[in-house]
Amino acid sequence: MPERLLIRDGRLIDPANKIDRISNLLIENGRVAAIDAHIDRNADEVIDASGQIVCPGLVDLRARLREPGLEHKASIASEALAAVRGGITTLACPPDTNPVIDTPAVVDLLMQRAQSSGKINLLAIGALTQQLEGEQLAEMGALQAAGCTTVSNACQPIRNALIARRAMEYAATFDLTVFISPLDADLAAGGCAHEGVVSTRLGLPAIPAAAETVALARDLALCADSGARVHVCGLSSAAAATMIARARQDGLPVSADVSVHQLFLSEHDVADFNPQCHVLPPFRSTGDRDALRRALIDGTIAVICSDHQPHEADAKNAPFPATEAGISALETLLPLTLAFSRESKQPLSDTLACVTCNPAQVLGIERGTLSIGAIADVCIFDPRAHWTLTAERMLSQGKNTPFLGQEMCAEVSHTLLAGQCVYHKPGQTHA
Amino acid sequence: MKHNLQLDAQGRLNHFLSIEGLSRDLLLEILHTAQSFIGLSSRNIKKAPLLRGKVIANLFFEASTRTRTTFELAAKRLSADVLNLNINASATAKGETLLDTLRNLQAMHCDMFVVRHADSGTAHFFAQHAAAGVSIINAGDGRHAHPTQAMLDMYTILHNKGGFEGLKVAIVGDIAHSRVARSQIHALNILGVSEVRVIGPKTLMPAQVRTLGVHEYNQLTTGLRDVDVVIMLRLQKERMHSAMLPSEHEYFHLFGLSEEALSHASPDAIVMHPGPINRGIEMTSAVADGGQSVILQQVSNGIAVRMAIMSMAMQTTPRQEASHA
C-alpha cells in the first residue's frame, strides 16, 4: 500500500460533510489526510480523477453472499469482486446462511473469508433467534462480542408477539439495532405477487400490502415498548412508508431502507410471468413505487440497498410461482441510485448519502464518509460513461436480474478499501 | 406489450395459452372451425386425417379425467398418436425439472404438448422453451387460464343463442381461484357480449376483479336478474378449511342455483357448468338436469372445439381438409 495516495481534480462528494466541489483528496496510511484544492505534498501515487466523481465507498445494508451453505449460488470471493466493481466497500450480510449466523463461529468464518478475499469490509448481521426459528433468543451478547452491530431474523417471521418483544428488549440491552423485514406470514402465505390488477389477471397467488402493514404495526408498537432501535428493511408499500413517517414524527428510534429495484419496477413488470421480477416483498402498484420515491426524498427512507440475492440459473428456470425470489443487484446499485437522482432531480449528494453515510450510521460504523481521519474507503466513477448490462459482463456468480440488456450510466474506475486499490477498471492504471 | 407468444409472425395461432390478447376474428375462426368438426362425431368413421403422423403428448401434472379424455379423443379423431403421461407418478417425483421433462419429450419428437399444471404461467413457460415447430396447448395453469374450456363454453353459447351481441352473462361462485372464469371473462368481452357479471361472496373474489371488465355482485338473485347465460363454477371443498366459507350448507343457501333462483334470469336463459358438478352445493339436480341446462352439450362441444384449436395450432388448414374427410 502506498503511504501517500493523491486523487487529483475529481468532483469530491462527501454527503456526511456536505462537500460537493472539485478538489484533491490525499490519503495517508489508509486514512483521509486532507481535502484541498492545492495539495503540494509529494505523493507516492497519483490518480487523475478529472471529469470523475470521488465519493465514499458504498455501504450496502443487505446483500446475500450465499456463503456458507449455498455456494452453488455464489461465494464471498465471487460477490466481493462484483461489489468492488460496483463501488461498494462495505457489505452487511443477513443471517440466513447455512449454518445460520447465530454463533460467533459463523461470524468468524465470514470475517475470515472476507479478509482472505482482501477486497471488502464485511459485516455479519447476527440472528435474533436461534436458527431463525422465532422461538429461542440467539446469544446476542456473544454475537456482539464477535463483531455484530445489528441483529435480525432475516425474512423469517417471529409469529409470537411476546417472543418478538423479548427479542427486541434483549437486543436493546446490548444497544444492538434490530433489522426487521415486515411481512405477516399468514397473510403472505403461498403468495408470489402483489395483490392487485396484475395478480388478478394472471391468477398468481397474491400477497396483499396488508401483509406488510400488519407486521409493521406490531413491530412498531413493540419498538415503542422495548426501546430497541429498529431498522425496517425493504419497504414495498405506500402505507408502510406513511407508518414509518408517523413513527419517526412520534420520536421512535426507527429507520428504513428500500431495495433499489423497488424504485424502478412495479407489479406491471410481472405481467408476462417474468421470473426475474419475482421478488419478496413483491413489486407493488406504480402508486406504491412513487410513494417510496417520495419517502426517499423527504427522508422517511434513509437508505437505498441492493438487496442482492444471486441465484443459479435453474432457480429462475420454472413457472413464475415455482421460481426463487430475488435479484442479483450489486453491480446495478450505483447506476440505479444515480438514475434515481437524475429522474427525481434530487441533489446527487443527497442521493449518495443513501448509499454511504446513512447506511453506515444504521450499522453504527465509522465508514461511508471522507471526513479527515476516516478510513479511506473511496469510490471513483465516471458519471457520463454508458454501458449495457449483460450476463457476460457481470462478475457476480448470479446473473439473475430484470435489468439485463438495459443501458446503465456511471462506471467505476477505482475502488479503494482503507486506501488500498481493490478494483480498477481494466486499462486504467493505478498510478 | 411484447409480441404475443401465442402467434407466429403472420398472426396465426402457434400455441394456445390464454384468451387474453387474441383477436375477435381469431376466436370466431376457432368457433367456425369447430362447427366443421361437429358433424364428424355422428358419422360412421369419426376421423379426419389432419394430424396423421403427429405425436401429441398429454402432460397432466394435475389430476383430470374429463379434460384429458376430451383432448385425447380430439387428437385421435384428428388421427394423431397420443401419449398420456401421468407426470406425478414419474418424472417430477424423481426430481426432474419441468424443463428437463419438456426437453426429453421433444427429443422423442413430440409435435404438441397439452399441458396442465398447478402453477399459473406454466404453459407460457413451456411455450418460451419449446423448440421451433412444437405447439403448446394450455389445458389449465393454476388460477390463470383454461382457454380451451372457455372456447367450448363460447361455442355452446353461440350454438344456443345464435350470437354474442346483447347477451348478459353471469358467472357464479369461486372467481378468485378459477382459471375457467378468467378465460371466460376475456372471451366474452372480446366476443362482444353486452355485460359480464361475477357473483359470489367477497372471499371468493380476486382483489381487483372489476379491472377484468366485469360487474361484481355479492347477492345471487340480484346478479341473475335478466341474464341470458348462467355459468356456475365448481366449488373446491378446501375453501371451507381456509376460512373462505363457513359451510357448504350456507354456500348452497346463498349461491347455489335452484329453480327459484334461476327464475330471476331471463326465461330462456341457459345454465352451464364446467364440471364436475357438486350437486346440492353449486346447483340442485332439478336445475342440472332441467330443460335450461346445456351442461352435457358443453362436454360434446369440447371435442370439436379442441380439434379446431389443435389443428389450427399445427396449421393444417382444417376447414378445407375437413370437408374431404
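Just so it is clear, the values below take in all heavy atoms, side chains as well, and ignore hydrogens, waters and symmetry mates. Quick note on labels: first sequence line is chain A, next is B, and so on, each numbered from 1.
The OG atom of Ser199(A) sits 9.5 Å away from atom CZ of Arg143(B), with the distance rounded to the nearest 0.5 Å. A distance of 9.5 Å separates CG in Leu202(A) from CG in Asp141(B), rounded to the nearest 0.5 Å.
Other residues, nucleotides and ligands place more than 12 heavy atoms under 6.0 Å from the CZ atom of Arg393(A).
Applying the side-chain contact (heavy atoms from CB on, under 4.5 Å) rule to Thr300(A) yields the partners Ile244(A), Ala245(A), Ala295(A), Asp298(A); only residues at least two apart in sequence or on another chain are considered. For Ser178(B), the side-chain contact (heavy atoms from CB on, under 4.5 Å) criterion is met by Val180(B), Ala181(B), Leu233(B), not counting sequence neighbours.
Within residues 191-208 of chain B, the residues having any heavy atom less than 4.5 Å from a heavy atom of chain A are, in residue-number order, Pro206(B), Ala207(B), Gln208(B). For residues 316-325 of chain A, heavy-atom neighbours of chain B at less than 4.5 Å comprise Asn317(A), Ala318(A), Pro319(A), Phe320(A), Pro321(A), Ala322(A), sorted by residue number.
Note on Pro205(A), Ala206(A), Pro208(A): by heavy-atom pairs under 4.5 Å with chain B, the leading option is Pro205(A).
For Arg179(B), no part lies under 4.5 angstrom from a heavy atom of chain A. The part of Thr211(B) that comes within reach of chain A is its side chain, from C-beta onward, which places non-hydrogen atoms under 4.5 angstrom from that chain. If you measure heavy-atom distances from His129(B) to chain A, the contacts under 4.5 Å come from the side chain alone.
Listed here is the closest heavy atom pair of Gly203(A) and Ser120(B): O-OG, 2.6 Å.
Aromatic ring orientation, His124(B) versus Phe273(A): tilted (interplanar angle from 30° to 60°).
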- Task: Test side-chain contact (heavy atoms from CB on, under 4.5 Å) on Arg201(A) and Glu20(B) and set out the steps.
- Result: CA-CA 9 Å; Arg201(A) 196 161 62 74; Glu20(B) 198 183 2; 2.5 Å; yes
